[in-house]
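In what follows, a structure is listed as structure tokens, so that the remarks can point back to it.
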2 protein chains.
Amino acid sequence: MVRKRTSISDIAKELNLAVSTVSRALSDHSRISEATRKRVWELAEQLNYQPNHLAAALRKGRSNTLGVIVPNIDGHFFALVVKGIEEVANQAGFNVMLCQSNEDNAHEAKNVETLMNAQVDGILVSLSRSTHDFKHFDKVQQRKMPLVFFDRILTGSEVSAVVVDDYQGGYQMTKHLLDQGRRRIAHFGGPQHLNIYKDRYRGYCQALRDADLPVEEELVVLFKKMSLEDGPAGIRHLLALPQPPDAIFSSGDFTAVGALRALKQHGLRVPQDVALAGFGNETFSSLTDPMLTTVDQHCEEMGGAAVRLLLEMIQERTRQWSPRKIVLQPRVLVRESSAVAAAVAVG
Amino acid sequence: MVRKRTSISDIAKELNLAVSTVSRALSDHSRISEATRKRVWELAEQLNYQPNHLAAALRKGRSNTLGVIVPNIDGHFFALVVKGIEEVANQAGFNVMLCQSNEDNAHEAKNVETLMNAQVDGILVSLSRSTHDFKHFDKVQQRKMPLVFFDRILTGSEVSAVVVDDYQGGYQMTKHLLDQGRRRIAHFGGPQHLNIYKDRYRGYCQALRDADLPVEEELVVLFKKMSLEDGPAGIRHLLALPQPPDAIFSSGDFTAVGALRALKQHGLRVPQDVALAGFGNETFSSLTDPMLTTVDQHCEEMGGAAVRLLLEMIQERTRQWSPRKIVLQPRVLVRESSAVAAAVAVG
DNA sequence: TTGTAGGCGTTATCAG
DNA sequence: CTGATAACGCCTACAA
């Protein structure tokens, strides 16, 4: 007794109506007599009718599904962004198809293909760390498929995007460390072809300059992955200097925590000997001892904003969008690792 | 100049073939002359033909999409499970549609509707913490839509599922604490209608009994959410006892870390005064000071296994599946918070 | 080996 | 206000 789904035509037959009439009754759209509208709805309810979205999608040319590509989902940041994306998308009646690039360029390209084939109505992307060019997005743009980037984009690219003002984040954080009286501030940074790491670094530099301090090359350490393990490596480098730093601003929380552990092992006290600040407000950053000063990026808002931007593009009939950028202001969270007297949020 | 996507019939026209021939050539399926096969593929390539999956899905009655419902995605556990799900699903040519229930029953019910309407070929679910019954899954089963639960299921329910042997996890962890010489071991648990919390608790009880120790009611604290904030609350309760515990086994890492912080604030040393163990191997559990002993659940494997089970069900033509359960063995990770001499992984 | 025809479930466009 | 009919793009008997 395998029940087939009831379709619009089942209802039509039962009620001696034309399918088109039923369709209209169901979608409330055109002019329909209240009487038949009611009859149709009641029977639909009774037969537990569920519209076949695939058919509708095929007919209408839109699937009501958004594609999302993120480097990964097991970090705090993207998990929250995805949460924001999903929430807003669902509210607007869109489903979300999720893909992870695993920080891999080739995988990302495959994801793009997948989503295009799945006929999504638009794509949201945050670039993988190994992505240096846009060529796998060419097809998307040729197809005039709405495309919005978030957080990670290529430096200097002209695309629609929602990003955090990483420059401000880097600037404010460095300024905070300066305000604490620190003068030799080191920096742990990530790959500079990604806007986020580049901008944080730029903010750091500018803050130093504004304080009439030089940017000392030996105090800047750039990593490829900004992983936990990079922390100890960075610390080794810094402590080997003739004049080690009295503060470190890391462009990522993972590396910061790695550094924290390494500093402790070297017998240095945080923040007394070395102040430490991260970036990203990962879950664990408030669970370390001392708790890590970091920068919050409004992850969920970012996801929501990205979806709204994408939906706008989808709604516009003229498929000629000019790149539009939304910039969110980050927030410095001062915690124990940077302030001798623990303080509250700033900015 | 809005390019329409090229369809199978465009190719057919261009090559003076029937659409069916092209279709077959493209899917390599039936017997086709090598010559035309080649011609078709070449033109397809040249025109950058992309199959319209919606149409195929409509025709074949399967969308090659799996639906996933998780309580949330911003914790380590589900993020990793989803990663595993996605990986295996993609390899098998399936897309993943993601929904979060936000630990809310009503939201979960809505998610189910959404996925059914999206015509997914099967659904993977981990129950929200506020879900006490299966009634919103009735329709899924009526429709004979493949359904697999993972991790969180209702205690004693007969469904296909992939779970961790939480009983063993609880047992082994408690045994580990006993092996460390602890005799008054407290337990922080979660809602008992969920298998995971119930089984961890059962394991705890049995380990005590096997050591000829009583399960003392005052040492067992059950929480609704197992959040970070529950930790301090639990600690307050335990320290107010005439005879406080010398160890705590928490059914979740968050509560454990909250407890860790509270213990420190009370001037107690971990593990010297109180040994502490969590459950879940959250990212942060290895970043605390001391590092937290916990239980790893093979999250990604769980996701993969769940997908494989679901795919099996999808492939079976007879839509008469008998509930099948896969049980993964957890792994106790001994770290600083429970062992005076830090040790290695056990089990 | 290839072509013909019908249909998956909806929606849109015409008439009536 | 309602009905008939033609797509949407693809697949699959069945026929040639």
Side-chain angles (χ1 to χ4, degrees), chain A residues 2-41 43-44 47-65 93 116-121 143 317, chain B residues 2-41 43-44 47-65 93 116-121 143 317:
Chain A
V2 181
R3 279 281 266 284
K4 258 185 58 100
R5 321 174 37 122
T6 80
S7 82
I8 225 171
S9 77
D10 296 328
I11 303 185
K13 226 166 282 171
E14 190 94 11
L15 258 41
N16 269 325
L17 286 173
V19 283
S20 51
T21 309
V22 176
S23 171
R24 277 178 298 224
L26 251 17
S27 53
D28 289 323
H29 224 13
S30 292
R31 300 156 312 226
I32 277 281
S33 82
E34 185 54 28
T36 56
R37 210 192 69 85
K38 208 168 173 183
R39 285 208 303 153
V40 168
W41 272 95
L43 186 59
L47 296 182
N48 188 24
Y49 166 77
Q50 300 289 130
N52 184 332
H53 278 131
L54 288 174
L58 175 60
R59 181 62 238 256
K60 296 199 285 196
R62 37 204 313 271
S63 60
N64 266 251
T65 298
M116 300 213 2
N117 284 350
Q119 312 273 98
V120 297
D121 293 336
R143 276 259 199 312
R317 342 195 29 98
Chain B
V2 181
R3 279 281 265 285
K4 254 184 62 95
R5 327 175 30 125
T6 79
S7 82
I8 223 173
S9 75
D10 294 329
I11 303 185
K13 224 167 283 169
E14 189 94 11
L15 258 39
N16 268 324
L17 288 173
V19 281
S20 54
T21 310
V22 176
S23 170
R24 279 180 294 228
L26 251 18
S27 52
D28 288 323
H29 225 12
S30 294
R31 300 160 308 229
I32 277 279
S33 82
E34 185 53 29
T36 54
R37 210 192 69 84
K38 207 167 174 184
R39 285 208 303 153
V40 169
W41 272 95
L43 186 59
L47 295 182
N48 188 22
Y49 165 76
Q50 301 289 131
N52 185 333
H53 281 180
L54 255 40
L58 175 59
R59 177 63 235 264
K60 296 199 283 194
R62 38 203 314 270
S63 60
N64 266 251
T65 298
M116 300 214 359
N117 284 351
Q119 311 273 100
V120 296
D121 294 334
R143 276 256 201 314
R317 341 196 27 100

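Just so it is clear, the values below take in all heavy atoms, side chains as well, and ignore hydrogens, waters and symmetry mates. Every value quoted in this text rests on a predicted model; they were computed, and no experiment measured them.
In this entry the distance linking CZ of B:Arg5 with P of D:dC8 reads 13 Å, nearest Å. Regarding B:Leu15, its CG atom lies at a distance of 11 Å from the P atom of C:dT2, rounded to whole Å. Summarising the geometry, the separation between CG on A:Leu26 and P on C:dG9 is reported as 15 Å, rounded to the nearest angstrom. Between the P atom of C:dG3 and the NZ atom of B:Lys13 lies a distance of 15 Å, rounded to the nearest Å. Summarising the geometry, the separation between CG on A:Leu54 and C1' on C:dC8 is reported as 10 Å, rounded to the nearest angstrom. With rounding to whole Å, A:Asn52 atom CG is found 18 Å from D:dC8 atom P. Residue A:Lys38 contributes atom NZ, which lies 16 Å from atom P of D:dC1 at whole-angstrom precision. Across the protein-nucleic acid pair, A:Asn64 atom CG and C:dT10 atom P stand 15 Å apart, rounded to whole Å.
For the pair B:Leu54 and A:Ser63, the tightest heavy-atom approach, listed with the atom from each and the gap, is CD2-CB, 4.1 Å.
Within 4.0 Å of A:Asn16, counting heavy atoms only, lie sugar-phosphate atoms of the nucleic acid but no base atom. Base engagement by B:Leu58 is indicated by at least one non-hydrogen atom pair under 4.0 Å involving a base atom.
A distance of 12.5 Å separates CZ in A:Arg59 from CG in B:Leu58, rounded to the nearest 0.5 Å. The line from CD of A:Glu14 to OG of A:Ser9 is 11.0 Å long, rounded to the nearest 0.5 Å. Atoms CG and CD1, on B:Leu26 and B:Ile11 in that order, are 5.5 Å from each other to the nearest 0.5 Å. Taken to the nearest 0.5 Å, the CD atom of B:Gln50 stands 13.0 Å off from the OG atom of B:Ser7.
The shortest distance between side-chain heavy atoms of B:Gln119 and B:Thr65 does not fall below 4.5 Å.
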Distances for protein N or O near nucleotides 4-7 of chain D N or O, under 3.5 Å:
from  : atom 1 : to      : atom 2 : distance (Å)
D:dA4 : N7     : A:Ser20 : OG     : 3.4
D:dA4 : N6     : A:Ser20 : OG     : 3.2

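Summary of the strand contacts: B:Lys60 and B:Glu34 both lie near DNA chain C, and taking for each the nucleotide with the nearest heavy atom, the more 5' one is attributed to B:Glu34.
Contact annotation: B:Ser23 does not reach the phosphate of D:dG9 (side-chain N/O to OP1 or OP2, under 4.0 Å).
Looking at A:Asp10, A:Val22, A:Thr21, A:Leu43 one by one, the single match for side-chain contact (heavy atoms from CB on, under 4.5 Å) with A:Leu15 turns out to be A:Leu43.
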